[in-house]
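I have placed the structure first, in the form of C-alpha cells, so that the comments after it can refer back to it.
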Amino acid sequence: MGRLLRDIARSVLGEPLASRVWKRVEIVGDIAVLRKHPDLELDVEVYRRLAEELMRRLPYVRSAWLAVSPVGSSYRLREFAHLAGERRSETVYREHGCSFRLDITKVYVSPALNYEHARVAGLVGPGEEVLNMFAGAGLFSIIIAKRARPRRVVSVDVNPEAYRYMVENVRLNGVSDVVFPVLGDAREVARSCPGCFDRVLMPLPELAYEYFADAVHSLKMVGVVHVYDFVSAREEDEAVLAARSRYLEKCETLGVWAEVEGSRVVRSVGPRYYQVVLDLRVRKP
Ligand SMILES: C[S@@+](CC[C@H](N)C(=O)[O-])C[C@H]1O[C@@H](n2cnc3c(N)ncnc32)[C@H](O)[C@@H]1O
C-alpha cells in the first residue's frame, strides 16, 4: 500500500513534494483520510487532486476527507473537510478479522495502531480480567476478546459517540459475553474497582501519567499496565529510556515494585517526538 500511495502522490505532485505527503494518507475502511502537512502551505485543491487520483486507482475508496486540524479535544478528534466522492464519514474498518463501524469525524481511529492491537492481544492470558481505560470504538478490547481468551474486558470511553459505536461493534463481532462497554471517566471506573484487573490498557498518552495511580489501584496484587507516552528525544532508543525512567520513578513514588517487560516506539508523531508503549509488570506490597 505504501508504494502505491507514493506512486499516486508522485504522479499528481511530482517529486520531491510526493515524498513529504504520501505518508500522510490513511485508508480507514472505504474512506481515505489525508492529513495536511504542518509545514507545507498547500492549497486544498492540491489535496483534492491527490484524493481524486487515489479514488481512481483504488475503486473501493468511496470517499476522501482532509484532516484540517491536528488531533484535539478530550475526545481526540480532528476537524475534517470533504475532498471527493461520497459525502459520508461513517465506514466499516477491518482489522485482525474484526469489523468496526465508526465515523471518522466522531471517534478516534488510527490504522497506525494495527500492529499494537495484535501485539497486546497476544500477551493476554486465558481467564484474564482486563480494563481498557481509553477504548474509543473498542478496537483493543474486541481484538483481545477475539484473539485471546480473557474472562472479561471492561472497556471505557468518555465520548458518547465512541461508546455508541463500541456497543455496536461488540455486538457486530459477537463478543457481548466478554466485552463490557462503559460510558464515563476512566478514573472513576478504575477507582470504583480496586484490585479487580490482571491487565490495564492506557492508550491515551495525554492522560496516562495523570491516571496511572488509578490504573495501579484497579490492578490485582500483581498485574500488567500497558502505558502509552509521548516523548521528545533525539532518537528512538532515547525515547524508550526516557519513558522507562519516568514510569519507574512514578512506581517508586506510589510504593509499588515494577519491571518493564516490554517497550517499543509505536510511531513517530513529529520531528524527534515519539509515541512509546511500556508493558509494566507491577506488584503491590
Ligand atoms: C487515542 S483514543 C483511543 C484509541 C483506541 N484505544 C484505539 O485503539 O482505537 C483515546 C480515547 O480516550 C477517550 N477519553 C478521553 N478522556 C477520557 C477519560 N477521561 N475517560 C475515558 N476515556 C477518555 C477519548 O474519547 C478517545 O476515544
Side-chain angles (χ1 to χ4, degrees), residues 26-29 31 33 35 67 69-78 91-96 98-124 130-148 153-170 172-173 175 179-193 197 199-215 217-218 225-230 264 266-267 269 274-277:
E26 283 182 332
I27 310 290
V28 180
I31 296 181
V33 178
R35 282 177 295 137
S69 75
V71 168
S73 85
S74 55
Y75 297 165
R76 313 310 301 145
L77 301 177
R78 300 172 185 274
T91 188
V92 177
Y93 171 60
R94 293 192 172 80
E95 233 188 57
H96 306 298
C98 303
S99 300
F100 303 95
R101 184 176 295 282
L102 50 88
D103 184 324
I104 57 157
T105 65
K106 295 179 180 160
V107 181
Y108 177 94
V109 62
S110 171
L113 292 176
N114 182 317
Y115 174 78
E116 191 57 20
H117 291 146
R119 189 189 74 85
V120 172
L123 298 173
V124 176
V130 180
L131 171 63
N132 181 0
M133 291 178 80
F134 309 110
L139 279 77
F140 270 114
S141 306
I142 291 167
I143 292 168
I144 287 173
K146 281 295 224 187
R147 296 186 70 142
V153 183
V154 176
S155 193
V156 188
D157 206 285
V158 78
N159 172 359
E161 289 290 340
Y163 171 78
R164 186 170 68 79
Y165 280 113
M166 183 169 26
V167 168
E168 186 173 346
N169 292 329
V170 165
L172 197 66
N173 291 281
V175 290
V179 180
F180 301 95
V182 178
L183 172 62
D185 178 16
R187 166 172 272 166
E188 283 171 26
V189 177
R191 283 186 179 171
S192 70
C193 209
F197 299 101
R199 187 177 299 272
V200 178
L201 278 60
M202 307 191 79
L204 179 58
E206 293 86 347
L207 270 190
Y209 194 76
E210 195 184 325
Y211 282 23
F212 186 72
D214 306 295
H217 181 71
S218 77
V225 183
H226 301 281
V227 69
Y228 294 77
D229 199 8
F230 285 141
R264 64 182 284 264
V266 176
R267 56 183 159 175
V269 281
Y274 301 96
Q275 182 176 8
V276 173
V277 58

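Note that the numbering runs from 1 along the sequence shown for the chain. Atoms within a ligand are numbered from 1 in the order they appear, just like the ligands themselves. Because the structure is a prediction, the values reported are computed rather than measured. Excluded from the calculations below are hydrogen atoms, water molecules and symmetry mates; all remaining heavy atoms, backbone and side chain alike, are included.
- Salt-bridge check for Arg264 with Glu116: passed, with a basic side-chain N closer than 4.0 Å to an acidic carboxylate O.
- A donor atom on one side chain and an acceptor atom on the other are not found under 3.5 Å apart for Arg191 and His217.
- Qualifying ring-ring contact (aromatic ring centres under 6.0 Å, His included) partners for Phe180, counting only residues two or more places apart in sequence or in other chains: none.
- Phe212 pairs by the ring-ring contact (aromatic ring centres under 6.0 Å, His included) definition with Tyr247, not counting sequence neighbours.
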Please give the N or O to N or O pairs under 3.5 Å between ligand 1 and the protein, distances rounded to 0.1 Å.
residue, atom, partner, partner atom, Å
ligand 1, 6 (N), Phe134, O, 3.1
ligand 1, 8 (O), His117, NE2, 2.7
ligand 1, 19 (N), Asp185, OD1, 2.8
ligand 1, 19 (N), Tyr211, OH, 3.4
ligand 1, 20 (N), Ala186, N, 2.9
ligand 1, 22 (N), Val158, N, 3.3
ligand 1, 25 (O), Asp157, OD1, 2.7
ligand 1, 27 (O), Asp157, OD1, 3.4
ligand 1, 27 (O), Asp157, OD2, 2.7

Got a list of side-chain donor-acceptor pairs under 3.5 Å for residues 134-147, not counting sequence neighbours?
residue, atom, partner, partner atom, Å
Ser141, OG, Asn132, ND2, 3.0
Ser141, OG, Ser155, OG, 2.7
Lys146, NZ, Asn173, O, 3.0
Arg147, NH1, His96, ND1, 3.1

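- With contacts defined as side-chain heavy-atom distances shorter than 4.5 Å, the pair Met133/Leu207 does not qualify.
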